[in-house]
Amino acid sequence: MPSWEEIANEVVPPEMNVSGLATGARRGPSRSQWQRPIERPESALKVIPCPPCVRGTSLEIALGGIEKICARRGAHLEISRPAGEYDAPFAELHNNLQSVLDNPRFLALTNAIPRDVLMLDIETTGVSASGPLFLIGALHFEHNTPHLEFFLARDYDEEAAALAAFHQRARGKRLVTFNGKSFDWPYVRKRSERLNVPFAEPPQHLDMLHEARRLWKGQFPDCRLQTLERFLCGRARQGDVPSYRIPIEYERFIERRSAGLEAASLLAPIIHHNALDLLTLAELVCLAHEV
């Protein structure tokens, strides 16, 4: 069963009636028109395993997070990890992005330095902003180091606190997303408005989905993030949580945690999924500079 994101990002064959398709869908070449992609053998694709989740401990210890309190908003969990902890080459993302920004090809990144940039990816309970979001992932750059930061609502009541903390981190940053102009940022905006959480629009927003279609259209079967991750970054995912299952797994987490049962193992793969989406997004920005 495809997720909303997968439907929105897929290539639509020319013969298909596009009326009613999700925002972001596009027409593309038929399969017979695709250029033959450079396929890597499965054994050559790198797999980054999900960090171990320590069972029998508190949620904070199991996920490596710290409870944070936002004034008038309550508590949420924040998890911060250097990107290099996922794979050593990711530690070079700062230097790679600096090279891109020295001669940017994207207007949204003109005159920026790495600490001006924040990459965003969210996990939600549905496709409509009428439902809560529960995880906001951000990749930002501080002191020449790329950091992944996750703002987690451990239950529905913590959504406002997670949003408030994210907006504090994102204030004044240039936003980079993948399909974020159609999905991620409108979702964040609408949930913030609904919960009366103050926020500011980003000064610039680069949506790499649109750029990926412009740069790599016809070279691969489609321009979904994980397709580009495979062909351009040389990575594959094993045991990944499909996007459509993430709301289901979060609901299971809520139920197990409410019953006093171990639940961190349900969230750890979702956080890992979000982290890989962000790291691949950062790589695509850098790879686009080489095209």
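Residue Val176 is tested with Gln204, Met119, His205 for a side-chain contact (heavy atoms from CB on, under 4.5 Å); the sole match is Met119.
Between Asp116 and Lys173 there is no salt bridge, since no side-chain N of the basic residue sits under 4.0 Å from a carboxylate O of the acidic one. Classification of Arg169 and Glu142 as a salt-bridged pair holds, one side-chain N sitting under 4.0 Å from a carboxylate O. In this structure, Glu290 does not pair ionically with Arg105, as no charged nitrogen and carboxylate oxygen lie closer than 4.0 Å. A salt bridge does not link Arg73 with Glu158: none of the charged nitrogens is closer than 4.0 Å to a carboxylate oxygen. With salt bridges taken as basic N to acidic carboxylate O contacts below 4.0 Å, one links Arg237 and Asp277.
Across Leu278 and Leu139, no two heavy atoms sit closer than the pair O-CD2, 3.8 Å. The minimum heavy-atom distance linking Leu225 with Leu284 is given by the pair CD1-CD1, 3.7 Å.
Between Tyr156 and Tyr250, the angle of the ring planes goes over 60°, which puts this pair in the perpendicular group of the 30/60° scheme. Taking the six-membered ring for Trp and thresholds of 30 and 60 degrees, His147 and His140 have nearly parallel ring planes, at less than 30 degrees apart.
Residue pairs meeting the salt bridge (Lys or Arg N to Asp or Glu O under 4.0 Å) criterion with at least one partner in residues 279-288, sequence neighbours excluded, are Arg235-Glu283.
Between the side chains of His167 and Ser192, at least one donor-acceptor pair of N or O atoms lies under 3.5 Å. Side chains of Asn95 and Glu92: a donor on one and an acceptor on the other come within 3.5 Å. Remark: the Thr227 side chain and the Asp222 side chain contain an N/O donor-acceptor pair separated by less than 3.5 Å.
Legend: residues meeting salt bridge (Lys or Arg N to Asp or Glu O under 4.0 Å) with Arg252, ordered by chain and number and at least two apart, are Glu249.
The CG atom of Leu279 lies 9.0 Å from the NE2 atom of His272; values are rounded to the nearest 0.5 Å.
Residue-environment remark: CD1 (Ile66) stays at or below the threshold of 12 foreign heavy atoms within 6.0 Å. Few gaps surround CZ on Arg189; more than 12 heavy atoms of other groups in view lie less than 6.0 Å from it.
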